[in-house]
Amino acid sequence: MGNPIAVSSKDLSQTAYDHLWMHFTRMSSYENAPVPTIVRGEGTYIYDDKGKRYLDGLAGLFVVQAGHGRAELAEAAAKQAQELAFFPVWSYAHPKAIELAERLAHYAPGDLNKVFFTTGGGEAVETAWKLAKQYHKLTGNPGKYKVISRAVAYHGTPQGALAITGLPALKAPFEPLVPGAHKVPNTNFYRAPIHGDDPEAFGRWAADQIEQQILFEGPDTVAAVFLEPVQNAGGCFPPPPGYFARVREICDRYGVLLVSDEVICAFGRLGTMFACDKFGYVPDIITCAKGMTSGYSPIGAAVVSDRIAEPFFKGKNTFLHGYTFGGHPVSAAVALANLDLFEREGLNRHVLDHESAFRATLERLRDLPIVGDVRGDGFFYGIELVKDQATKESFTPEECERLLYGFVSKRLFEDGLYCRADDRGDPVVQLAPPLVADQGTFDEIEQILRGVLTEAWARI
């Protein structure tokens, strides 16, 4: 082990390959190819180490709501670090965690007034499952430990959150996982196995599958249902009309907690602070993270109803769970500054005012034979790619490998658009630009996609 050496820009790529183990990455891809290295961001754009500009069509990772380069958020972090850089919220409090908890409780619907901080979304999901289990034990239902989630849904990488995730290929290397996680169909109306001509009937059917699973497992064994307002993996599945009202009714009937996993959908992605408000339901727990600070510092939370928190606030009962960096003072300060910015600039209103234009701009791509479906909500959309529009025939795994990974993903980046081309489920291109995006941003996204998808079709 030698002395640390400053890395010059020309060495960045090789050093990255030698030492930086990137997440969800085929590292062999960079053995003889440069590692894309992003060094700066401004507004809706990012810049690499060679000075090339790219449109950030994914807000980093569904995170940078307020856009890149916001000096006030960096200043909030610096000011807090000088005053109190760190203190845990283990039996002690600090002002910024208190203030942020109150702020989140104010935004949350119903009686969701208790905030348990984590450092990210997967930890928030893990927290919600553990909390649900212990809640049922404290209230005389110790057999209720199972959870229900949806096929293809992604809920995080910790062992519990990964068990809740509905993507077999992501789970297989790490099995056996935490037992008790069961799956039901998702709300992909484009691929509806039944009621494909009636969204409301399809929504009722999809919600009823949750009830059937609860009955199959036994209501006295099911602790919670985990659902994203708009499901991310598989390509932005919005809820059909009436879906969440029916799910809420089912959960209440069987004493099952409803967890709204809003790690992506909260903080303006759909035009509301919490996405459950947009779809008119009140969950028992909201899990959130990403956009709370617009990515300027890591933080997450489980926002919990007073009813669920009540037994933990009695006698010697304790929620035996926590994270060293949960509610970190610097992250909490940045979150507060970010939420101030949201209100000052009306970012939620901006999304609501422009979501129809974003959809309409992406809908133009339907004239391309490779585009099967355009779906989503707010500033959160997926474009499903197909081999045949009329029959909805999808691509084989080999074709996905060649098309998505071998061409589309790389070419979009080369042409100046950072987004996600993915085949977790069916092949989709996902788009979630910063919330400051406007019609110019939408047009740029559409133009780059049009060129690349036209060329992709010619290669089939």
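Residues take their numbers from the sequence shown, with the count starting at 1.
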Is the backbone of [Y] close enough, under 3.5 Å, to the side chain of [X] for a donor and an acceptor to pair up by distance?
X: His155; Y: Glu126; answer: no
X: Asp422; Y: Val428; answer: no
X: Thr272; Y: Leu270; answer: no

May I ask you to say whether [X] pairs ionically with [Y], meaning some side-chain N is under 4.0 Å from a carboxylate O?
X: Arg349; Y: Asp353; value: yes
X: Arg103; Y: Asp340; value: yes
X: Arg402; Y: Glu398; value: no
X: Arg364; Y: Asp443; value: yes
X: Glu200; Y: Arg204; value: no
X: Arg269; Y: Glu228; value: no

Is it the case that more than 12 heavy atoms not belonging to [X] sit under 6.0 Å from its [atom1] atom?
X: Lys52; atom1: NZ; result: yes
X: Lys410; atom1: NZ; result: no
X: Gln159; atom1: CD; result: yes

Below 6.0 angstrom between ring centroids: does that apply to Tyr323 and Phe116?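 Between Phe116 and Tyr323, which both carry aromatic rings, the centre distance is not below 6.0 Å.
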Answer yes or no on whether [X] is positioned over the face of [Y], meaning its NZ or CZ is under 6.0 Å from the six-membered ring centre and within 45° of the axis.
X: Arg150; Y: Phe237; answer: no
X: Arg40; Y: Tyr47; answer: yes
X: Lys290; Y: Phe267; answer: no

For Val436 and Leu347: C-alpha separation, side-chain torsions, deciding distance, then whether side chain to side chain contact (heavy atoms under 4.5 Å, CB included) applies. CA-CA 7 Å; Val436 294; Leu347 289 187; 3.9 Å; yes
Please verify the inter-ring angle class for [X] with [Y]; under 30° counts as parallel, over 60° as perpendicular, anything in between as tilted.
X: Phe62; Y: Phe380; answer: perpendicular
X: Phe413; Y: Tyr54; answer: parallel
X: Tyr281; Y: Phe244; answer: parallel
X: Trp205; Y: Phe202; answer: parallel

Could you go through the salt bridge (Lys or Arg N to Asp or Glu O under 4.0 Å) check for Arg359 and Glu363 one step at a time? CA-CA 6 Å; Arg359 175 189 285 273; Glu363 292 272 5; 3.7 Å; yes
Taking C-beta and beyond as the side chain, do Pro109 and Pro283 meet within less than 4.5 Å on heavy atoms?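 Yes, side chains in contact.
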Does some side-chain heavy atom of Lys278 sit less than 4.5 Å from a side-chain heavy atom of Leu352?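 In short, these two side chains touch, coming nearer than 4.5 Å.
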Any residue meeting side-chain hydrogen bond (donor to acceptor under 3.5 Å, both in side chains) with Asp415, in chain and number order, not counting sequence neighbours: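 Applying side-chain hydrogen bond (donor to acceptor under 3.5 Å, both in side chains) to Asp415 gives none.
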What pairs with His94 under side-chain hydrogen bond (donor to acceptor under 3.5 Å, both in side chains), at least two apart in sequence or on another chain?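 By the side-chain hydrogen bond (donor to acceptor under 3.5 Å, both in side chains) rule, His94 matches no residue at all.
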Derivation of the side chain to side chain contact (heavy atoms under 4.5 Å, CB included) call for Tyr418 and Ile46: CA-CA 9 Å; Tyr418 164 74; Ile46 52 175; 4.0 Å; yes
